[in-house]
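Structure, as structure tokens:
Per chain, numbering begins at 1; letters A, B, ... match sequence-line order.
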Amino acid sequence: MIRRTIEHFSLEQICVSGQCFRMEQKGEHTYSVIAKDKYLEAAQCGGETIFYCEEEEFESFWKNYFDLDTDYHAYLECIDPRDNYLIKAAEAGSGIRILRQDLWEMIVSFLISQQNNIVRIRRCIQNLCEEYGEEKEVEGGKRYYAFPGPEALAGLHEEALKACNLGYRSKYVVRAARAVVSGEIQLREIETLSYPEAKAELLKIFGVGEKVADCICLFALHHTEAFPVDTHINQALKNHYKRGFPKRRYRGFQGIMQQYIFYYELHMGK
DNA sequence: CGCCAGGGGAGCT
DNA sequence: AGCTCCCCTGGC
């Protein structure tokens, strides 16, 4: 069990920020997360966060996963004080972190996300994991399912994934899995590339377009200059940035600002 | 039953 | 860059 007081960190905000589909609220202050083959429960009371895991696992995995070594205060400080909208958005979502998630998981998750809502995306991924992920067990006896690797999905027929509720996105996932297994798409190599190079590689995957590629770059590769534009962001840009979002001002970390805006649009209503 | 929207994408021009 | 068409579920 690890206790930490962390500035600009909110499990609740991260959970509903829409970048992770395997994090859920368990109790009033408690959350569970599954990432790769790992399971974590965490709680937040006041300014203190409790991670229910061994120190070794916290240090070697979760600390990096939650991006705890990054100074988000510095990002918040950069915001144009005259930009009332962004100031409000960032205040509302100041506890958001850009998680460092697994590349394959993000490819599949955001392939599934297209023309889909968050509740259903979560269900699709849960179905996928329960059906094809390896079953794991934590000490308390609690069972969970790891995310299925490309090998586990490459041999499937499209119809099999339709049973997981993926609908027409099934073929995207199966084809992506085959591309990885065949070596046509090399995940380890993509991880070493710059943002434009990685994005170009990801765009080669059937079913991956601009928006999905940017989500993968931001949430898996931590290319914080990626600025995914979906319908909500598009709406916000139309309403608040008629002359375009000031990407120059936030060069290199527009993606952080995107998350504040996305969170604000989705949860603070309009 | 029909209609439509939900964090798009492919394939055109 | 902008357009059309495609695609699957769930809610109304």
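For DNA chain C, the neighbouring residues in residues 93-123 of chain A, judged by any heavy atom under 4.0 Å, are A/Arg120, A/Arg123. Near-neighbour residues of DNA chain B inside residues 246-254 of chain A, defined by a heavy atom below 4.0 Å, are absent. Less than 4.0 Å separates DNA chain C from no heavy atom of any residue of residues 201-215 of chain A.
Between A/Arg175 atom CZ and C/dC7 atom P there is a gap of 14 Å when expressed in whole angstrom units. In this structure, A/Glu159 atom CD and C/dC7 atom P are separated by 13 Å, rounded to whole Å.
Legend: residues meeting side-chain hydrogen bond (donor to acceptor under 3.5 Å, both in side chains) with A/Tyr85, ordered by chain and number and at least two apart, are A/Glu265.
For the residue pair A/Ser32 and A/Glu41, no side-chain donor N or O sits within less than 3.5 Å of a side-chain acceptor on the partner. The closest side-chain donor-acceptor pair between A/Tyr144 and A/Asp37, if any, does not fall under 3.5 angstrom. No side-chain donor from either of A/Glu91 and A/Ser94 sits under 3.5 Å from a side-chain acceptor of the other. In the model, A/Asn127 has no side-chain atom that pairs as donor or acceptor with a side-chain atom of A/Tyr145 under 3.5 Å.
In this structure, A/Gln19 reaches the bases: a heavy-atom distance under 4.0 Å links it to at least one base atom across the strands shown. Among the protein residues, A/Tyr172 comes within range of no part of the nucleic acid, since none of its heavy atoms lies under 4.0 Å from any strand.
Of all non-hydrogen atoms in A/Thr30 and A/Ala43, the two that sit nearest each other are CG2-CB, 3.7 Å. Looking at every heavy atom in both residues, A/Tyr39 comes nearest to A/Trp62 through C-CZ2, 4.0 Å.
Between A/Phe245 and A/Tyr241, the ring planes lie perpendicular to each other; the angle is over 60°, past the 30° to 60° tilted range.
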message = With side-chain contact (heavy atoms from CB on, under 4.5 Å) as the criterion, how do A/Tyr260 and A/Leu76 come out once you've worked through the C-alpha distance, each side chain's angles and the decisive distance to 0.1 Å?
response = CA-CA 10 Å; A/Tyr260 295 140; A/Leu76 294 163; 3.5 Å; yes
key: Intermediate values then yes/no, salt bridge (charged side-chain N to carboxylate O under 4.0 Å, His left out), A/Lys136 and A/Glu134   = CA-CA 6 Å; A/Lys136 300 273 181 182; A/Glu134 194 183 331; 3.6 Å; yes
query = When you look at A/Glu48 and A/Arg3, which way does the salt bridge (charged side-chain N to carboxylate O under 4.0 Å, His left out) test go after all the steps?
reply = CA-CA 7 Å; A/Glu48 194 171 58; A/Arg3 289 170 176 275; 2.8 Å; yes
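Think of the region where chain A sits on DNA chain B: with heavy atoms and a 4.0 Å cut, that region ends 5' and 3' at B/dG6 to B/dA10.
Taking the ring axis of A/Phe66 as reference, the NZ or CZ atom of A/Arg97 does not stay both within 45° of it and closer than 6.0 Å to the ring centre.
Within 6.0 Å of atom CZ in A/Arg143, 12 or fewer heavy atoms from other residues, nucleotides or ligands are found, so the atom counts as exposed in its surroundings.
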key: Secondary structure of DNA chain C in dot-bracket form (Watson-Crick or G-U wobble, distances below 3.5 Å, | marking inter-strand pairs)   = ||||||.|||||
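A/Lys199 has a carboxylate O that lies under 4.0 Å from a charged side-chain N of A/Glu210, or vice versa, which qualifies the two as a salt bridge. Here A/Lys142 does not pair with A/Glu137 in a salt bridge; the nearest charged N to carboxylate O distance is not below 4.0 Å.
Going from the P atom of C/dC6 to that of B/dG7 covers 23 Å, rounded to whole Å.
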